[in-house]
Every structure is written in C-alpha cells, then in structure tokens.
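Every heavy atom of this structure was used, including side-chain atoms; hydrogens, water molecules and symmetry mates were not. Lettering of chains follows the sequences in order, A, B, ..., and the numbering in each one begins at 1.
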There are 2 protein chains.
Amino acid sequence: MTPVDRRVKILIVDDHNMVRQGIRYMLESNERKYKFQIEEASDGQEGVESAKRTDFDVIFMDYQLPILNGMEATSAILSAKPYSRILAISSSDEFMYIDNMMRSGAKGFILKNIGPEEIMGAVEAIISGKNYYSNDIAVKLISFEEGKVTMTRLVKLKRELTEILSSRELEVLKLIATEHTNEEIGNRLFVSKRTVDTHRQNLMRKLGVKNTAGLVKFALDLDIL
Amino acid sequence: MTPVDRRVKILIVDDHNMVRQGIRYMLESNERKYKFQIEEASDGQEGVESAKRTDFDVIFMDYQLPILNGMEATSAILSAKPYSRILAISSSDEFMYIDNMMRSGAKGFILKNIGPEEIMGAVEAIISGKNYYSNDIAVKLISFEEGKVTMTRLVKLKRELTEILSSRELEVLKLIATEHTNEEIGNRLFVSKRTVDTHRQNLMRKLGVKNTAGLVKFALDLDIL
DNA sequence: GCCTGACTCCGTATTAATACCTAGTTAATT
DNA sequence: AATTAACTAGGTATTAATACGGAGTCAGGC
C-alpha cells in the first residue's frame, strides 16, 4: 500500500450533518497524502446499506443513530462483511458506549472533539490493520494496575467474558465477590461445596489470577456484579 | 411551607451562560407552582459574594469554575452560612467530582443533561431538607451490594478513611487487594506474617467485612490502589 | 456414534485465612 | 504518671482456600 496514490474509501455514518462535514473537512485537508472518496449516511440503516453496496476502507460510526444505533449497525455490517474496519465516534466517553462498540467489533474509538491530526492518525492506524483509541479513551480503559492488564486485554476480556466463562462460573464468581464462602455458595446453588471449589479453580485458571483477591478484582473491574 | 405562594430564591453559579439560561428556563416552566427569584454568578468568587449578601433557598453550583472552583466556593459559602443548601451540577459523573462536592458539604448532585421534571424534583428535595442525586450518580455511589453500604456510608468512609485506617493498615490493604498472601506481605514489609494477620483482622473489623473478598471490594470501591 | 464442554462430585493434601487471645514497645496525649 | 493508639509478635485452633487428581452425567455438535 503506497500512501501517495492510494485512494481511500470512507463512509461516515452520523445523524448530524455538522459532524459529517467536520470529518470530511478534516480528512480533505490531507488530500495531498491520500485521495479520499467519501460517502455519508445519516442513520444506521442507510449506513448498513451503503456498506453492503461498497467496500470501504474505514467506516466512521456514531453511537447514537436513528433506526439502527451504532452498535446494531456495526454488527449488521460485520455479519455481511466481516473484514470491514469500523471506527466508532462518540461525544461521550462513557465506558458502556466504548465497550458496546468494541464488543460489536469496532476497531477503534475516537471522541468528536479531536482535531485533524488525530483523525488522520486514527484513519492510518485502521487502514494499516491496527486498532486506534483516543487518548482519553485509552486512559479510561487501561487503568487496571501497574500495566499488568493492558487495554486490549481488558477490552478483549470483557468482550469475550461470556465466551470465556460459563454462566455457572459467572454466577459463582459473583457470589465469591460478594463475600460468600464455597460452602455458602454450594448451599445457595444446591450443589456440593466441592463443585464450587472446582468452579473456583477453573475461574482462577481461566482468568489468570492467584487467589480470591484476584477474582474479586476481576469481577469489579469488569463490572459484572 | 405551602408551595403555591412560596417564593423560592435561587442562585445559579456557572461560568457558561447557556447552562445558566437552561436552568432558569427549566425552573420558570414551573412558575405556576413556585415563584422563583433567580440570581446568577459566572465564577466562584462572585457566587460566594452573592450567597453572603442574600439568603438563597437553593444554590446551583458548577464544579469547574474560574477563580474559585465549585468545591472552594461551596466551602466558603458554608463557612459563612452553614445552613445554605447547595446543589452541585456537573457534566461529568466522575467519582472524584462527586465526592469532592459532597465532602465540601453539597446537599445533592445532578448532571447537566437532566430535564425540567428532574430539576424540579431536585429543587423540591433540597428545599424540604432532603438530599438529591441524579439517578446515574446514585447508581455510581450505591452500587456496593444489596444496599448494605449506602451512599452516605460510602462517601463518609472515603472521607474518613485515613481517620479510620492507619497508614500501615492501608499499606497492608493495598497488598491484600493485589493478590499477596500474609506471608508475602510480611516479607515485603519486613514484619512477621502474624503481624500482617493482625492487621488483616483489624481491617476486617474496622471495615465490617467478612473476608478477603470484602477487603478487596472496599479497596477497589474506595479506589485506594 | 463419538467428542467436547459444561457441570457435577469426591479424595487427599497443603497452605492460607480466620478467630480469639495475650502482650511487648513506642510515641503521643492528657 | 497514666492512658491510648499504632505497630509489633506469638500461641492455638478451626475453617477456608488452593492444588491436583480422577470421574460421572448430560446436551450439543460433528
């Protein structure tokens, strides 16, 4: 991929015309480096249809959208074209939004207050197959402890939590995190405390922690209580 | 206090004119029920002076303010007029903001995205001597578990944490919450593991929890890691 | 029909945590 | 001088957690 003569196809899905024009303007200020072909969509449904019709290099996707929201539109696009690269945009840095979009398969998340340089940085990262996050987003996501759990890992873990852990294990984890002993949990769930012990072992192994403290931290950090 | 003929004196301290007008408009849409006298201030210093000059029923106080911030202004007003009822407003639901304002003596905390009904609910609650919190705020603060730890208790605990726990206990608590055993902690701090055990007992007693899980939850909820 | 994962349960053993008690030193306070 | 809180440490005992192994059932996918 040689940047200079590279034509980059962009789709902007956002219900605010002002935002679409803003992104377009910021992208086009870099026209010397790339040649952009930009399409727009003002609601989720329209975005999905555009994405099915054309192969875009990057799809900017707002979260709050009419008809289909950003999460639904992202899922729909990815189930039709799994290799689409979707960059979530939002004015809010609420963890829930971020997480929902990442779970839906977005490759990055940027805030609407970013400038032209950063928006190009995001586009270049996405094009070259990397993920991209606004600084504020990254800070929000990393904050685990001493860099042990990186953003990617935390996001990935939360996204795949229901794939990693069975529903029974989740149930046990919640009870552990709420100060119940194996025996109490066993009574509550009508199983032997040995069963609970096995779940506990599996939880520690799957989550890569050493003891109860680690399990509780995970439960709280991933907000599953 | 009979609502219908009650004159309610309001002070709005916020550096954004748009916010002040928004609150004013939302309040005045309830003029059939109350008669509002609204004053405005665009920075903390101005707010303090107004509050000293006049007795307001409710003072809306932003957090980020020029000259004196919301926390400082709140403290200043309360030291001059201890019975002032201050309602913190913020566009952010960061725990730190909330906690700082509550520590300064605010009677409530609302987000800027709330509507006219809720803003009236807040004002009525404050006037009648109650506290008021936006739903999202309440959720953030209460969320401990099954209502065992109420917001007031959580806020109070955080405020008085350094009074309740000694620095050594805090140190031990952090190490417990980061998956260290008593023996490891003892080695790290150059004391016997029995000493660590004693600290652990005292921590559980002081914090009213049953086991390691409870200690870890406290450490994370109060954000002391 | 076979295989796998989830869920269940047990045996055995060791280590860690919890409970309760006593008690010394030191520093600060009264 | 007496008291108190913090920090230290030990004794003793019980309970809980951790570790590792094996094993049966059951539902779903291949």
Asks: Can you confirm whether A:Arg53 sits close enough to A:Val48 that some side-chain heavy atom of one is under 4.5 Å from a side-chain heavy atom of the other?
Replies: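 No, every pair of side-chain atoms sits at 4.5 Å or beyond.
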Asks: Could you list all the salt bridge (charged side-chain N to carboxylate O under 4.0 Å, His left out) pairs where at least one residue sits in residues 67-76 of chain A, not counting sequence neighbours?
Replies: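 Qualifying pairs: none.
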Asks: Considering only residues two or more places apart or on different chains, which pairs with a residue in residues 192-202 of chain A satisfy salt bridge (charged side-chain N to carboxylate O under 4.0 Å, His left out)?
Replies: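 Pairs touching residues 192-202 of chain A that pass the test: none.
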Asks: Quickly work out the B:Phe190 CZ to D:dC7 P distance and round it to whole Å.
Replies: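 B:Phe190 atom CZ is separated from D:dC7 atom P by 17 Å.
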Asks: For A:Glu183, check side chain to side chain donor-acceptor pair (under 3.5 Å) against everything at least two apart and list the hits.
Replies: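 If we apply the side chain to side chain donor-acceptor pair (under 3.5 Å) test to A:Glu183, skipping adjacent residues, there are no hits.
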Asks: For the pair made of CG in A:Leu189 and C1' in C:dT8, what is the distance, rounded to whole Å?
Replies: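 Taking atom C1' of C:dT8 as the reference, CG of A:Leu189 is at 12 Å.
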Asks: Give every pair of a protein N or O atom and an N or O atom of nucleotides 11-20 of chain D that lie under 3.5 Å apart, one pair per line with the distance.
Replies:
from   : atom 1 : to       : atom 2 : distance (Å)
D:dG11 : N7     : B:Arg194 : NH2    : 2.8
D:dG11 : O6     : B:Arg194 : NH2    : 3.3
D:dT12 : O4     : B:Arg194 : NH2    : 2.6
D:dA17 : OP2    : A:Asn182 : N      : 3.0
D:dT18 : OP1    : A:Thr212 : N      : 2.9
D:dT18 : OP1    : A:Thr212 : OG1    : 3.3
D:dT18 : OP2    : A:Arg200 : NE     : 2.7
D:dT18 : OP2    : A:Thr212 : OG1    : 3.4
D:dA19 : N7     : A:Gln201 : NE2    : 3.1

Asks: Can you tell me which residue pairs pass the salt bridge (charged side-chain N to carboxylate O under 4.0 Å, His left out) test with a partner in residues 39-52 of chain A, sequence neighbours excluded?
Replies: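 The answer is A:Arg20-A:Glu40, A:Arg24-A:Glu40.
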Asks: Side chain to side chain donor-acceptor pair (under 3.5 Å) with B:Thr181: which residues, sequence neighbours excluded?
Replies: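 With sequence neighbours excluded, B:Thr181 shows a side chain to side chain donor-acceptor pair (under 3.5 Å) to no residue whatsoever.
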Asks: In whole Å, I'd like the distance from the CG atom of B:Leu203 to the C1' atom of C:dA19.
Replies: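 Result: 15 Å.
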Asks: Given C:dA6, is OP1 or OP2 found less than 4.0 Å from the side-chain N or O atoms of A:Thr195?
Replies: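 No, because none of the side-chain N or O atoms of A:Thr195 sits under 4.0 Å from OP1 or OP2 of C:dA6.
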Asks: Could you pull out all residues at least two apart from B:Lys210 that satisfy side chain to side chain donor-acceptor pair (under 3.5 Å)?
Replies: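 Expected list: A:Glu184.
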Asks: Quick one: is D:dC7 close enough that its OP1 or OP2 comes under 4.0 Å of any side-chain N or O from B:His199?
Replies: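 No, B:His199 has no side-chain N/O under 4.0 Å of OP1/OP2 on D:dC7.
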Asks: Using a cut-off of 4.0 Å between protein heavy atoms and nucleotide atoms, how would you tag nucleotides 21-30 of chain C 5' to 3' with B, S and -?
Replies: ----------
Asks: Identify, with sequence neighbours excluded, every residue that meets side chain to side chain contact (heavy atoms under 4.5 Å, CB included) alongside B:Met71.
Replies: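 Checked B:Met71 against side chain to side chain contact (heavy atoms under 4.5 Å, CB included); matches are B:Tyr63, B:Asn69, B:Asn100, B:Met101, B:Ser104.
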